[in-house]
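Per chain, numbering begins at 1; letters A, B, ... match sequence-line order. No hydrogens, no waters, no symmetry mates; every other heavy atom, side chains included, goes into these values.
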Number of protein chains: 2
Amino acid sequence: MPVNEAAGGKSAYHHGDLRKALLDAAEEELAEKGVEGFTLRGCAKRAGVSHAAPAHHFRDANALLSELASEGFTRFSAAMRSRQASVANDPRAALVGAGLGYIDFARANPALFRLMFSSYRTNFDREPLHSSANVAFGILVESITSTIGRNPMDDLAGMQHVAAAWSMAHGLADLLLSNKMPFLAAVAEQDVEAFLAGIITRAVPSDF
Amino acid sequence: MPVNEAAGGKSAYHHGDLRKALLDAAEEELAEKGVEGFTLRGCAKRAGVSHAAPAHHFRDANALLSELASEGFTRFSAAMRSRQASVANDPRAALVGAGLGYIDFARANPALFRLMFSSYRTNFDREPLHSSANVAFGILVESITSTIGRNPMDDLAGMQHVAAAWSMAHGLADLLLSNKMPFLAAVAEQDVEAFLAGIITRAVPSDF
DNA sequence: ACATTTATTTTTACGGTGTAAAGATTGTAG
DNA sequence: CTACAATCTTTACACCGTAAAAATAAATGT
């Protein structure tokens, strides 16, 4: 019997590691064609297998996309943490850093970001997407915890901070991605970061 | 020659007014199946015509959806104005009202809202979508103009207000629609409006 | 009034999609 | 070396959007 334990230790049969190859192909396909243009057959072609081959590794196209979204959330969390690391040891600055990382990721991986928040082709009730998305959410909660000095999920005022910070970063990312704010072209390249940071900062006022 | 002038004065041939019937059918189809599940053939069936009939009234499926999105933006603007009308004569309150109207509409018409901001099936370069979307944007700009006492599009600080207010309302609407904030179930029904208003208010600080 | 033209709709057809089922192929176990 | 099980391919089916041709009905010109 082949080595086929759950945690990705799939051994090589005909292709080598088709599961991994399909995930790579899916990310290419997604980046090139977008969430709406994504096709499972295109993935299979990229991986050099027949169009029905993926069926044995993923229940259906959405299961493949859900797993890709999960990888996305892991990298998404890394993007936020990376921004936070490059910032002074100030809770508010760390919160804004998370927001900038949020937007960094969205701009660097537009189609993947869309997939992660489309919630039509993805299933957040199954692993590993459920966990990886929760980790990302945890970064937000943690940042707000440091800022206000308590767990924000314990009361309404705290949840309001969470909702505000998340909405601001997410709305900004989503509108930037769909080119709804062409007037921002007026912002010089070196000023963009401060411009965005100034917006994110508003979400959690200093007099909470 | 039939009465077929541009402005919707299409007269009745076989069906009566298939163009209008298709738009109505499309809204039903959209509401029931969502943006991703929408099919042109399903629309045609709802309107009681063959699957190829829409071709003579709309270039393709995206053209039909673009026109539907345009109607959506018109109602969207009305939702914002309606909220503004039911508010004291205070510029800041009017701005928050627009944001609440934004969210009202999104929650009342989730699939249509998604379509309007998906920008994949819709073409904002063509009329009437171009204009109706601009009218909606104008409400935002106008609200901020009243609040800060000048045209916000004239300088970076003003554009920052626009981007912040829009991002906050939009992010909130988008995350609510995709059920990303289940913890908000803890907010009692009669407190929801104040909760959301409190968040929107943060986007444009009082000391600008 | 009647033939002609034009607008509208249906029928037919084609390439593309996801996925289910059956057949072929290949690594592993006994 | 045989049998089995995992993997992949082939085939098939029901959808989809849309183009082209055929059919139908309204409007027009004489």
Side-chain angles (χ1 to χ4, degrees), chain A residues 1-26 29-30 32-68 115 118 120-123, chain B residues 1-6 8-23 25-26 29-30 32-68 115 118 120-123:
Chain A
M1 212 170 295
V3 200
N4 193 0
E5 56 271 27
K10 181 164 285 288
S11 81
Y13 271 101
H14 305 156
H15 179 279
D17 192 350
L18 184 53
R19 182 182 176 82
K20 168 87 172 128
L22 283 171
L23 282 167
D24 292 346
E29 174 89 355
L30 190 68
E32 282 184 26
K33 311 224 208 140
V35 185
E36 331 278 345
F38 176 93
T39 69
L40 189 57
R41 284 166 111 110
C43 278
K45 182 164 287 182
R46 276 174 209 272
V49 295
S50 83
H51 66 267
H56 214 274
H57 297 273
F58 300 95
R59 181 189 314 275
D60 52 25
N62 290 353
L64 170 54
L65 287 172
S66 292
E67 189 133 341
L68 186 57
L115 172 69
S118 70
Y120 172 68
R121 319 247 318 160
T122 50
N123 185 351
Chain B
M1 212 169 293
V3 199
N4 193 0
E5 56 271 27
K10 181 165 284 291
S11 80
Y13 272 99
H14 304 156
H15 180 280
D17 192 351
L18 184 54
R19 183 182 177 82
K20 167 87 172 129
L22 283 171
L23 282 167
E29 174 90 354
L30 190 67
E32 281 184 26
K33 310 224 210 140
V35 185
E36 331 277 346
F38 176 93
T39 71
L40 190 57
R41 285 166 111 109
C43 276
K45 183 163 286 182
R46 275 174 210 272
V49 293
S50 83
H51 66 266
H56 212 273
H57 297 273
F58 300 94
R59 180 189 314 275
D60 53 23
N62 290 354
L64 170 54
L65 286 172
S66 292
E67 189 131 343
L68 186 57
L115 171 70
S118 70
Y120 171 68
R121 318 252 312 165
T122 51
N123 186 350

Can you check whether [X] reaches [Y] side chain to side chain, under 4.5 Å on heavy atoms?
X	Y	value
B/Glu32	B/Arg46	yes
A/Phe58	A/Leu23	yes
B/Asn62	B/Thr122	no

Base, sugar-phosphate, or nothing: which does [X] touch, judged by heavy atoms less than 4.0 Å apart?
X	result
B/Ser50	base
B/Ala53	base
A/Ala52	base

Distance in angstrom units between [X] [atom1] and [N] [atom2], rounded:
X	N	atom1	atom2	value
B/Leu65	D/dG17	CG	C1'	12 Å
A/Lys45	C/dG18	NZ	P	12 Å
A/Tyr120	C/dG18	OH	C1'	11 Å
A/Asn62	C/dG18	CG	C1'	10 Å
A/Asp17	D/dA6	CG	P	17 Å
B/Leu64	D/dC16	CG	P	15 Å
A/Leu22	D/dT7	CG	P	12 Å
A/Leu18	D/dT9	CG	C1'	12 Å

Which residue lies more 5' along DNA chain D, comparing B/Thr39 with A/His56 via nearest heavy atoms: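 Taking each residue's closest nucleotide, the earlier one in sequence belongs to A/His56.
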Taking atom NZ of B/Lys45 as the centre, report whether more than 12 heavy atoms of other residues, nucleotides or ligands fall under 6.0 Å from it.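 Incorrect, the count does not exceed 12.
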With distance as the sole criterion, do the side chain of A/Arg41 and the base of C/dT19 form a donor-acceptor contact below 3.5 Å? yes
Ignoring hydrogens and angles, are the base of C/dT19 and the side chain of A/His51 linked by a donor-acceptor pair under 3.5 Å?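 When only heavy-atom distances are counted, A/His51 does reach the base of C/dT19 through a donor-acceptor pair under 3.5 Å.
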Please answer whether the main-chain N or O of A/Leu40 pairs with a side-chain N or O of A/Glu29 as donor and acceptor at a distance below 3.5 Å.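 Between the backbone of A/Leu40 and the side chain of A/Glu29 there is no qualifying donor-acceptor contact (under 3.5 Å).
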Starting the side chain at C-beta, find the nucleotide from D/dT18, C/dA20, D/dC8 nearest to A/His57.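 Within the option list, the nearest is D/dC8.
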